[in-house]
Amino acid sequence: MTYKIKSKEISGKSQIITIDRCPQECPICYTSLNFKLIAAAYHFNRSPRAQVVFRCMKSTCSELFIATYRKIDSGMFVLSDVAPMSPKPQKHSALIRKISPTFDDIYRQASAAEATNLHQLAGIGLYKSLDFLIRDFLLSENSEQQQIHTIPLTECIESFIDDPKIRSCARHARWFSDKNSFHQMLWDGKDIDNIKLLIRLTINWIESSVLAKQFADTAEDFKINQPPPPPVKKVPGLTIQQPEEEEDEDENSREVEDLKEVEVSDIEGTDIVSLLSKFSISHSLDANDIRDLISFLDLRKYAKGEYIVKKGDQGRNLYIILSGKAEVIGEDGLHIAVLERGEIMGEMSLISGNPITATVRVIEPAEMLCLNAKDFGHVLNRFPSVQMFFAKLLADRLMKTNKARSEEFASGMAGKLAEMQPSELFQVFNINQKTGILSLNLIGGRAEIAFRDGQMVRVRFGEKEGVDAFFELLKEKEGRFKFLPELSPEDMKLPKMGDFMWLLMEGMRKMDEEVRRD
């Protein structure tokens, strides 16, 4: 979408010029797409250009910035530069900052250089930050290996890092060679992106390695410090099949394989061995091991609306959901996820010793098997396969967390509705002709709007879809939003729902009518 704006020459003469677009994002806060034009100046010389002053309309930013437009043969002015540029915020975890504070400091300085298009300085800085990150971590794990201080970085990676992705990136990057001098290292935008990717991979690998080590240390502490496990006990209300002495291991194995799916409407009277064998935590256990595992478990029932754990509390139990559903609630009471039959929660607090990070509330009457912190250690020691299960579970959850962080980083826009109301937010995407998915996490549930060239083609909010869902979204005042500039082929083919401004005005009119009726 092009815009006609009024600009002034140095002489004071006004002139209408056409610019090709507004900036894609605020160069200061990197989250706002809503700008106000303050002034424009036109420079007529050998290289005609226009400079336009914008103000970011996000309440927590409100900064001024200048967009420079170059005149092309058609007479239009095309966006060529935006200034000043602030480095995009990059918050490394407390773990990474503790391992290598020098890395964190150099990375921020390099990001500042990149923001001002000083690619040569940014490249050298990022390379140096990566060097500190790898060496500091390797020294924290191998303090006796003093050669880590002096050997080339490529040799550090080949000798001490077993992650194939990191090795591959380092091996194929043309700038990543200890044989190259800085005189041979010339950096462009693509090289900057590549080394930042390698840094993100290295951070993910370090965090995964440390979590796995913490898990192993926790299991070892339990093994050393805990008394022998208690004798086998029955879970109240559960029918447990005891093995007959004449049955051999093969028969027991066949018994587990032949078990049929159990519908859990009421756990009492159900063969818990059959039920538990279908959950991933016990896939590698035979029938006898499952019976031993049951001896550590207690059955608990929860009513709808009851809280299982609350954020900030110290974890005391691990929970395995047998039936029903529970909702994970984040900040501001917002929905994060739904946990169902077979899923496990509470293990992170038991392993790390840290407080619980999210509140969990029952949304359908539920029955759960509970394992207390003391018996958790006994289970890890008695069943190595269960220990491996939790190691994999931690790795999977870390991967999902890192993926979510990457998506939010790549989205270019995320924030709270308290800072920008829905009507203003939706107008931003319409005015700037955005294409992508706007996801909203609201107290009333999750919502999604698909934009194509600034027009809505699909809206969903809870069980509502289309125009009705859009009207309901306009009423929301609290929640978080995130925009991803990608649209599926199916959404690209959908017709637009209608004229955006008419839909917006109609929705606002309906809201006014409801207010007057109240």
Residues Arg97, Asp104; criterion salt bridge (Lys or Arg N to Asp or Glu O under 4.0 Å); working and verdict: CA-CA 6 Å; Arg97 296 197 302 270; Asp104 188 61; 5.1 Å; no
Does a side-chain N-to-carboxylate-O contact under 4.0 Å join Glu63 and Lys58? no
Using the rule given for side chain to side chain contact (heavy atoms under 4.5 Å, CB included), can you reason through Leu37 versus Val53, listing the C-alpha separation, both sets of side-chain angles and the distance that settles it, and then say yes or no? CA-CA 6 Å; Leu37 191 150; Val53 180; over 6 Å; no
Contacts of Phe500 meeting ring-ring contact (aromatic ring centres under 6.0 Å, His included) (sequence neighbours excluded), chain-then-number -> none
Ile134 vs Leu153, side chain to side chain contact (heavy atoms under 4.5 Å, CB included): CA-CA, chis, key distance, verdict: CA-CA 8 Å; Ile134 291 177; Leu153 184 57; 4.0 Å; yes
Taking every heavy atom of Cys156 against every heavy atom of Arg135, the minimum-distance pair comes out as SG-NH1, 3.6 Å
Check: Ser62 main-chain N/O paired with Arg55 side-chain donor or acceptor under 3.5 Å: yes
Find out whether the Lys NZ or Arg CZ of Lys464 is both under 6.0 angstrom from the six-membered ring centre of Phe461 and within 45° of the ring's axis. no
Nearest 0.5 angstrom please: Gln455 CD to Lys434 NZ, how far? 15.0 Å
What are the two closest heavy atoms between Pro84 and Ile28, and how far apart are they? O-CD1, 3.5 Å
What is the distance from atom CG of Leu438 to atom CD1 of Ile449, rounded to the nearest 0.5 Å? 5.5 Å
Any heavy-atom pair between the side chains of Phe279 and Ile320 that's under 4.5 Å? yes
Return yes if some donor-acceptor pair links the side-chain N/O of Tyr319 with the main-chain N/O of Val309 below 3.5 Å, else return no. no
If you draw a 6.0 Å radius around CD in Gln15, do more than 12 non-hydrogen atoms from other residues or ligands fall strictly inside? yes
Does the side chain to side chain contact (heavy atoms under 4.5 Å, CB included) test come out yes or no for Asn441 and Phe481, once each step is laid out? CA-CA 6 Å; Asn441 193 2; Phe481 63 85; over 6 Å; no
Looking at CZ of Arg452 and CD of Gln433, how far apart are the two atoms once the value is rounded to the nearest 0.5 Å? 12.5 Å
Between Ser7 and Ser14, does a side chain to side chain contact (heavy atoms under 4.5 Å, CB included) hold up when you go through it step by step? CA-CA 6 Å; Ser7 65; Ser14 297; over 6 Å; no
Atom NZ of Lys475 with >12 non-hydrogen neighbours under 6.0 angstrom: yes
By side-chain contact (heavy atoms from CB on, under 4.5 Å) - contacts of Lys493 (at least two apart): none
Are the side chains of Ile344 and Phe389 in contact, using a 4.5 Å heavy-atom criterion? yes
Just wondering, do Val328 and Thr359 contact through their side chains at under 4.5 Å, heavy atoms? no
Under a plain distance cut-off of 3.5 Å, with no hydrogens placed, do Thr18 and Lys4 share a side-chain donor-acceptor pair? yes
Ala40 and Ile5 have their tightest heavy-atom pair at CB-CD1, 4.0 Å
Enter the distance from Asp468:CG to Leu473:CG here, rounded to the nearest 0.5 Å. 11.0 Å
I need the minimum non-hydrogen distance between Thr435 and Phe483, along with the two atoms involved. O-CZ, 3.5 Å
I need the Asp453 CG to Leu487 CG distance, nearest 0.5 Å. 9.5 Å
Taking all non-hydrogen atoms of both residues, which atom of Tyr42 and which atom of Pro48 are closest, and how far apart? OH-CB, 4.2 Å
On a heavy-atom basis, which atom in Pro23 and which in Tyr69 lie closest, and how many Å separate them? CD-OH, 3.9 Å
With a 4.5 Å limit on heavy-atom distance, are the side chains of Lys325 and Leu339 in contact? no
How long is the gap from OG on Ser74 to CG on Asp20, to the nearest 0.5 Å? 9.5 Å
In this structure, is the centre-to-centre distance between the rings of Phe470 and Phe426 below 6.0 Å? yes
Decide yes or no for Ile66 and Val82: does some side-chain heavy atom of the first lie under 4.5 Å from some side-chain heavy atom of the second? no
Just checking, any donor-acceptor pair under 3.5 angstrom between side chains of Asp81 and Thr68? no
Can you check salt bridge (Lys or Arg N to Asp or Glu O under 4.0 Å) on Glu448 and Arg458, steps first, answer last? CA-CA 8 Å; Glu448 193 174 89; Arg458 178 173 56 82; 2.9 Å; yes
Student check: side-chain heavy atoms of Met345 and Met368 closer than 4.5 Å: yes
Validation row: Glu207, Ile203 side chains within 4.5 angstrom (heavy atoms): yes
I'd like to know if Arg361 pairs up with Glu327 as an ion pair, taking the criterion as any Lys NZ or Arg NE/NH1/NH2 lying under 4.0 Å from an Asp or Glu carboxylate oxygen. yes
What I'd like to find out is whether the side chain of Cys26 reaches to under 4.5 Å of the side chain of Phe35, using heavy atoms alone. yes
Phe103: partners by ring-ring contact (aromatic ring centres under 6.0 Å, His included), with sequence neighbours left out: His92, Tyr107
Return yes if some donor-acceptor pair links the side-chain N/O of Asn430 with the main-chain N/O of Gly454 below 3.5 Å, else return no. yes
